[in-house]
Trainee: 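Quick one: structure below, then a few questions.
Throughout, residue positions are numbered sequentially from 1 according to the sequence presented.
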Amino acid sequence: MIKNALMLAGILGTLVLGTTAQADEAAMRTLRYTPRSAEEACAWQTEVRQRVFSLLKLDDLVKTGSSIPLDPLVLSNRSVDGMFLREVSIRATHGRRITVALAMPLEFKGTRPGVVAIHGHGGSRMSAFDAKAQENAHIYKEFGNALVHRGYIVVAPEVGQHEVYESGGTLMGERLWDCMRCVDYLASLQEVNAERIGCAGLSLGGEMAMWLGAMDTRIKADVSAGYLTMMDQMEKNHCMCWKFDGLRELVDWPDVYALIAPRPLMCQNGLKEPENDFTVPLAQEALKQIQPIYADLGAPENLTLDVHKGAHEINLPALLDFFDHNL
């Protein structure tokens, strides 16, 4: 009788654990994208953006923040490698200023497209321009310089902070808002065509390029390098700065990328990525979950996964071709 009682207790325990796990799973990713009409897809995007802006504590800034004067102050200005490279202080909020790097060709005619270039962990606003900016800056392939040499105007923010600067905010919210202010800044420049602004980044920069394209529809083309994966992969062996309260209950990364549709999106993942990082098989799994909304919105050709032979790095030729085609 004791043996039977123990067996029964084990079965009941398994059933309880299974039910709990199912309940926990059901409570996650409640706004996962599923195929629907184009009109319903747009409504889904609007709902997700509103919910995420609220989680990021950006509701008020999104409504009124773009009206805050940028008040740009040039801190440095030099000619280097065939371009002007400036450091500029702009106002992010009424109480906080940020410093960005701005690069443009020495000579050009008319207005030019603009790109927000975003660094990863351990990087800086100079990572896209200087392969010696920090120890691993070579992985960026100086893509900011390469874009300027092709006629683009490039602005690069700092997003590497791991503290919230203003009370009542969130870390990811402040990072995203600073990137959105870079879009404001580009759009304010008489040299920039405000209808042709893109963004690109690697690693944390790839994450921020994802968020910027997802949440700011002024971004017309988006390159997210070294980031396409699933959130389960990010729960171990990664800096947890990506995570904020309520995120996983709503979405997974494919749903965030889905907010970019139908605008052109290229994700880049290297075949030499370590197993615990942004592997190609996981990127392909995530891609399959982004494809439905691009199909529903009639632009399946605008979604690309660039699988390259490298590791955690930018594939520069593919990035340049993508922007030349789309911007």
Side-chain angles (χ1 to χ4, degrees), residues 41-54 56 58-72 88 90-93 98 100-104 110-118 125 128 143-144 147-148 151-157 159 172-201 205-224 256-267 290 293-294 297 299 302-303 319 322-327:
C42 292
W44 174 87
Q45 289 178 320
T46 298
E47 179 183 1
V48 175
R49 284 195 193 98
Q50 290 174 344
R51 296 281 293 275
V52 172
F53 274 136
S54 181
L56 291 170
L58 288 179
D59 300 79
D60 292 341
L61 278 175
V62 168
K63 292 175 183 176
T64 64
S66 290
S67 64
I68 297 173
L70 288 160
D71 188 21
V88 183
I90 61 174
R91 190 170 297 284
T93 66
I98 59 174
V100 302
L102 176 71
M104 63 177 63
T111 58
R112 306 303 305 164
V115 175
V116 182
I118 315 174
R125 58 183 174 270
F143 76 96
L147 285 167
V148 173
Y152 297 84
I153 294 175
V154 179
V155 65
V159 296
M172 190 55 65
E174 285 191 345
R175 287 174 172 174
L176 174 58
W177 181 250
D178 290 352
C179 291
M180 293 175 70
R181 287 299 270 172
C182 285
V183 180
D184 289 338
Y185 183 45
L186 281 175
S188 75
L189 299 175
Q190 63 180 8
E191 299 91 346
V192 173
N193 183 337
E195 297 302 315
R196 292 194 290 158
I197 295 177
C199 66
E207 177 186 11
M208 297 315 304
M210 170 197 70
W211 277 118
L212 182 57
M215 305 301 285
D216 192 332
T217 57
R218 294 175 297 176
I219 295 297
K220 304 303 182 186
D222 196 320
V223 176
S224 173
V256 180
Y257 280 106
L259 296 174
I260 301 171
R263 290 165 288 147
L265 167 64
M266 171 183 279
C267 295
I290 308 170
I293 193 168
Y294 273 85
L297 293 176
N302 281 354
L303 175 63
L319 179 148
F322 174 84
F323 281 127
D324 285 349
H325 179 72
N326 292 293
L327 286 184

Trainee: Does this structure show an ion pair linking R181 with D184, if we count only N-O contacts that are shorter than 4.0 Å?
Mentor: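 Yes.
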
Trainee: L212 and side chain to side chain contact (heavy atoms under 4.5 Å, CB included): which single residue from I219, I260, D178 fits?
Mentor: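 Running side chain to side chain contact (heavy atoms under 4.5 Å, CB included) over I219, I260, D178 with L212 returns exactly one hit, I219.
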
Trainee: Ignoring hydrogens, what is the shortest heavy-atom contact between P262 and N302? Give both atom names and the distance.
Mentor: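 Residues P262 and N302, closest heavy atoms: O-ND2, 2.7 Å.
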
Trainee: State the CG-CD distance between L61 and E174, to the nearest 0.5 angstrom.
Mentor: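 These two atoms lie 9.5 Å from each other.
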
Trainee: Between the side chain of R125 and the main-chain N/O of A156, is any donor-acceptor distance below 3.5 Å?
Mentor: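 Not at all, since once roles are kept as given, no pair shorter than 3.5 Å links the two residues.
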
Trainee: Strictly distance-based, threshold 3.5 Å: is any side-chain N or O of Q45 a donor or acceptor partner for the main-chain N or O of A258?
Mentor: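 Judged by distance alone, yes, a pair lies under 3.5 Å.
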
Trainee: Donor-acceptor pair, R196 side chain versus R112 backbone, under 3.5 Å?
Mentor: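 Looks like no, no N/O pair under 3.5 Å.
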
Trainee: Strictly distance-based, threshold 3.5 Å: is any side-chain N or O of W177 a donor or acceptor partner for the main-chain N or O of A92?
Mentor: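 Answer holds: yes.
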
Trainee: How close do V148 and A103 get, counting heavy atoms only, and between which atoms?
Mentor: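 Residues V148 and A103, closest heavy atoms: CG2-CB, 3.7 Å.
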
Trainee: Got a donor-acceptor contact below 3.5 angstrom from the Y294 side chain to the R263 backbone?
Mentor: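 Answer holds: yes.
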
Trainee: Evaluate side chain to side chain contact (heavy atoms under 4.5 Å, CB included) for L327 paired with V115, printing each intermediate quantity in order.
Mentor: CA-CA 9 Å; L327 286 184; V115 175; 4.1 Å; yes

Trainee: Answer yes or no: does atom CG of D71 have more than 12 heavy-atom neighbours from other residues, nucleotides or ligands under 6.0 Å?
Mentor: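 Above 12, so yes.
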
